[in-house]
Structures are given as structure tokens and as C-alpha cells.
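Note sheet for the following structure.
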Amino acid sequence: MLRFHRNEQIPYMRQEQRKKQIAILGSTGSIGTQALQVIAEHPDRFEARILTANNRWELLAQQARQFKPAAVVIANEDHYPTLRQALSDLPIAVYAGADALCQVVESAEVDMVLTAMVGFAGLPPTIAAIRAGKPIALANKETMVVAGELINGLCREHGVPILPVDSEHSAIFQSLMGEVSPIDKIILTASGGPFRTFTREQLADVTPAMALRHPNWDMGAKITIDSASMMNKGFEVIEAKWLFNVEPERIQVVVHPQSVVHSAVQFADGAVKAQLGVPDMRVPIQLAFSFPERLQSSFERLDWFSMHDLTFERPDTERFRCLALAYEALHQGGNAPCIVNAANEIVNRAFLEERCAFLEMPAIIERTLQQTSFIKQPTYEDYLATDAEARRIAASLLSPQ
Ligand code: NDP
Ligand code: MG
């Protein structure tokens, strides 16, 4: 039997712990910058080992100066010379290009990879990290939407855990802590976005500026538009299926405009466990970093006496067709979710740039789903090909300007 004398250090005691070395893919974004705030709050526990960005090289350089990672990567190679110059006085390796993202996560010193990049671009480095045996803090939901089955298979093969960062999935994960019984139902809450109460006629004329004003969350532009169309919630249904191994019929989307109940799980006996809190992404980010422990935080607490109305509504898939399309893709299986994701990336960008109307988005996604080659059991290469094909088709369906 293992015994410790009073004066001996227990090996797993806090003082003995090596600081967790975290690679943040997408450190300049909304999730990335909040992850750095978490690291700054716990300098005794976490260190930013690798930081990456796509274009915002100045912010990346500033972050590198503050957090002193071993390496930084700028995905857009055009910014490489400027970034290198900006960091030339520091002992920080500077790399560029999408392949470099896949290579840096494999570094032996990295203990966890936070995937906070946006879109399909997050898939290759996430796969590289899993193959290298790195635990994943998953924010980049598009990875699970596109290739959930493949990702789960790789995680099993390499013994890699995925810690959810998406607030709803973190809430589900937290509701499952300590449970050994199967899930009866997932209650996936949705704020409903800025257009929750709009009629179809009103939706026809909404602008990007209106869509970017999310009532509860301050997020990157792409996910904010996805929240306004409710494609974000559709993606979260797909993400929940793969993360928690539940069939879509057992995932109920519930519109809850106050975003206090972050999601819940119902069990066989009818008991429901939920996780509540002030909407603040730093809470799930921190838990993904510190799990199974919970760490102290300075984040705002819920004020129970100011919460007068917590309301819950059924989602309207007639007005928010994107949600229905995500369910449809999930039922079709194979590469259908990958098609919907690619088409959505095209229309999302086009809407932001005022090249596509709000209600045109689901129409183009639906047609892309019909026109792109269906593959029942896609390989990684199939996903790459599907993504390219669906983007091409969706782009061709945009009205000429
Ligand atoms: P942002 O747009 O704010 O940030 C995206 C980050 O990824 C930036 O660092 C950006 O670099 C980088 N990036 C974008 N495209 C590429 C690319 N092609 N190659 C390499 N790096 C790239 O997004 P969010 O932080 O809002 O979202 C990140 C992910 O987390 C998304 O998948 C989103 O769905 C998910 N998520 C976000 C939440 C939120 O509250 N924001 C909540 C739940 C999930 P640069 O700054 O240089 O452009
Ligand atoms: Mg979410």
C-alpha cells in the first residue's frame, strides 16, 4: 500500500504540478482572447505555449509579448515577414501557413489544444492534435459538425478526451458529472438571437449590422450571424450528438432568451440537471482547462433576485429554416453535415458582405445539399473534397451582383 509520511510531499499535490502548457489555435478571436484572460488569472496553473492567428498579426505579436509562448503561427503567410520582424527581439519561434498549425500542436511540450479557430479550417489541426495524443478543448464546433464520427474514432484510437467549450455542451457535460445512467433527453437551450420575435416579412429585410447585435453574447462575426439564423443551434445539435452519443430525437432545442440556463439533461427517472450562470465564455473555457477541478474565478456571479422572468419557448423551424436543415443533414448522415457547413460558410460570408439576403441563406444551403455528391461513409479526403465541391456550388447559387 502506498503511504505518505506527514512531511512528505504527495506527488499529486498542487505545488508539484507542472503548469499546463496550452496551445491556442485562434488566440486573436473572441474565444482565444478570453482563453488568454483565463490563463492570465491562473499563472500558477496554465501557460500559453503556442498562439496562432490568421490575419491579425499585430494583436498576435502583442499577445506573444505578454504571454511569451514558445512559438506563434500566422496562417496567412503574407504576414510572416512583418510578424517575424515584430518579434525579432524575443526568443519566440515564428511560423506561417496552414501546415504549420498542424505541426506545432504535435510538440511534445503541449499538454492541451484549444481549438478556437473558426470554420472548416479547424479540422486539419484538430486531427493532427488528436493523432499526437493531445487532449482537446473544443470550441471549433464546425470540426464536429463536419466530421464528428471520424473525430470520435480518432479520439478512441488515440485515447484522447474532448472537453467541450461551447457553453451548452459544457453545461451538458457538467450536468453529466457523477452520473452513470444513460441520457434520456438533452435540453439544448438557445437564446433565439436578435430576430427571435421577427416575422418572415421582417426577416426578409434584416441587415448584417442588425444581425451582429446579439442580445447576450459578444462573439466573432461568423458565429454571431449563425446565431441570428439559428444555424448555430443546428450545429450544436450535431455537436451534441457526437459529443454525448445521443440520437437527434433525444435532443430538444428550447428557446430561452435570457441565456441563464446554459443547457440541461433529463434522466430516466424524470430528474433534470441543468447548469446555470451569467453568460460568460470564460467559465466553460476555464473548466475545460482545469477539469476535473474547478478553480476560483473573479467572474460575475448570478444575481438570483434580479432574475424575474426565465422563459422557455418552442423553436420555430419555419422562420428559422437553418435549424431544420441541420436536423435534415443529421438524419441523412454521411457527408451531408459537411455540405451544410460548407454552404453555410459561403452564405454567412456573403450575408456579412451584403451579397446575400437573410432568407436566401437557407435556400442556398438547401439547394447545395441537393446538388452536392452524397457519400455515405466519407474518409478524411472525402471531407476535403466535399467541402470544396459544396463551396463551389453554394457560391454559384449566389445571385450575381
Ligand atoms: P473569431 O472570428 O472571433 O476568431 C477566430 C480565430 O481564428 C481568430 O484568431 C482568427 O484569426 C482565426 N482564424 C480564422 N480563420 C482562420 C484560418 N483560416 N486559419 C487559421 N486561423 C484562422 O471566432 P470566435 O472566437 O467567435 O469562434 C471560434 C470558434 O469557437 C468557432 O468555431 C465558434 O463557432 C466557436 N464558439 C465561439 C463562441 C464565442 O463565444 N465566440 C461560443 C461557442 C463556440 P484572425 O484574428 O487573424 O482573423
Ligand atoms: Mg453555444
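These numbers come from the heavy atoms of this one structure, side chains and all, not from hydrogens, waters or symmetry mates. Atoms within each ligand, like the ligands themselves, are counted from 1 in listed order.
Contact record, L114 with A139: CD1-CB, 4.4 Å, taken as the closest heavy-atom pair.
For atom 48 (O) of ligand 1, the choice among L101, I223, N54, N76 with the nearest heavy atom turns out to be N54. For atom 8 (C) of ligand 1, the nearest non-hydrogen atom from the set N55, D226, T28, I31 belongs to T28.
Residue contacts with ligand 1 for A116 involve N, CA, C or O but no side-chain atom from C-beta outward (heavy atoms, distance under 4.0 Å). Contact annotation: for M281 versus ligand 1, heavy atoms closer than 4.0 Å belong to the side chain alone. If you look at E142 next to ligand 1, the close heavy atoms, those under 4.0 Å, all belong to the side chain. Contact annotation for A139 and ligand 1: heavy atoms of both the backbone and the side chain come within less than 4.0 Å of the ligand.
Looking only at heavy atoms of the protein, atom 34 (O) of ligand 1 is closest to K141 CE, 3.3 Å. Ranking protein heavy atoms by distance to atom 14 (C) of ligand 1, first place goes to V118 CG1, 3.5 Å. Protein heavy atom in closest approach to atom 43 (C) of ligand 1: D166 OD1, 3.1 Å. Shortest contact from atom 7 (O) of ligand 1 to any protein heavy atom: M117 CA, 3.4 Å. Among all protein heavy atoms, the one lying closest to atom 18 (N) of ligand 1 is A121 CB, 3.5 Å. When only non-hydrogen protein atoms are considered, atom 26 (O) of ligand 1 lies nearest to G220 N, 2.9 Å. The nearest protein atom to atom 3 (O) of ligand 1, hydrogens excluded, is given as S30 N, 2.9 Å; this is a heavy-atom distance. Distance from atom 4 (O) of ligand 1 to its nearest protein heavy atom, with residue and atom name: G29 CA, 3.1 Å.
Using modelled atom types and a 3.5 Å distance limit, the side chains of E389 and S373 yield a donor-acceptor pair. When only modelled atom types and interatomic distance are considered, D226 and N348 share a side-chain donor-acceptor pair under 3.5 Å. A side-chain donor from one of K141 and N232 sits under 3.5 Å from a side-chain acceptor of the other. Side-chain N/O atoms of N76 and N55 include a donor and acceptor closer than 3.5 Å.
With a 6.0 Å radius and a threshold of 12 heavy atoms from other residues, nucleotides or ligands, Q37 has its CD atom above the threshold. Around the CZ atom of R301, the shell of radius 6.0 Å holds more than 12 heavy atoms that belong to other residues, nucleotides or ligands.
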Steps toward side-chain contact (heavy atoms from CB on, under 4.5 Å) verdict (T189, S259): CA-CA 8 Å; T189 53; S259 296; over 6 Å; no

Do any side-chain atoms of residues 94-102 form donor-acceptor pairs under 3.5 angstrom with protein atoms, and if so which ones, sequence neighbours left out?
none

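Less than 6.0 angstrom separates the ring centroid of F173 from the ring centroid of F291.
Not counting sequence neighbours, the partners of E366 by the side chain to side chain contact (heavy atoms under 4.5 Å, CB included) test are R321, L325, Q370. In this view, F351 and F358 satisfy the ring pair (Phe, Tyr, Trp, His ring centres under 6.0 Å) rule, not counting sequence neighbours.
Taking the charged nitrogens against the carboxylate oxygens, E142 and K222 do have a contact shorter than 4.0 Å, which makes a salt bridge.
Of all atoms in ligand 1, listed by their number and element, those nearer than 4.0 Å to a heavy atom of A75 are 19 (N), 20 (C). Heavy-atom contacts of A53 reach the following atoms of ligand 1: 11 (O), 47 (O) (cutoff under 4.0 Å).
R45 places no side-chain N or O within 3.5 Å of a backbone atom of K20 that could act as its donor or acceptor partner.
Within the protein, the N, O or S atoms lying under 2.8 Å from the Mg ion (ligand 2) are D166 OD1, E168 OE1, E236 OE2.
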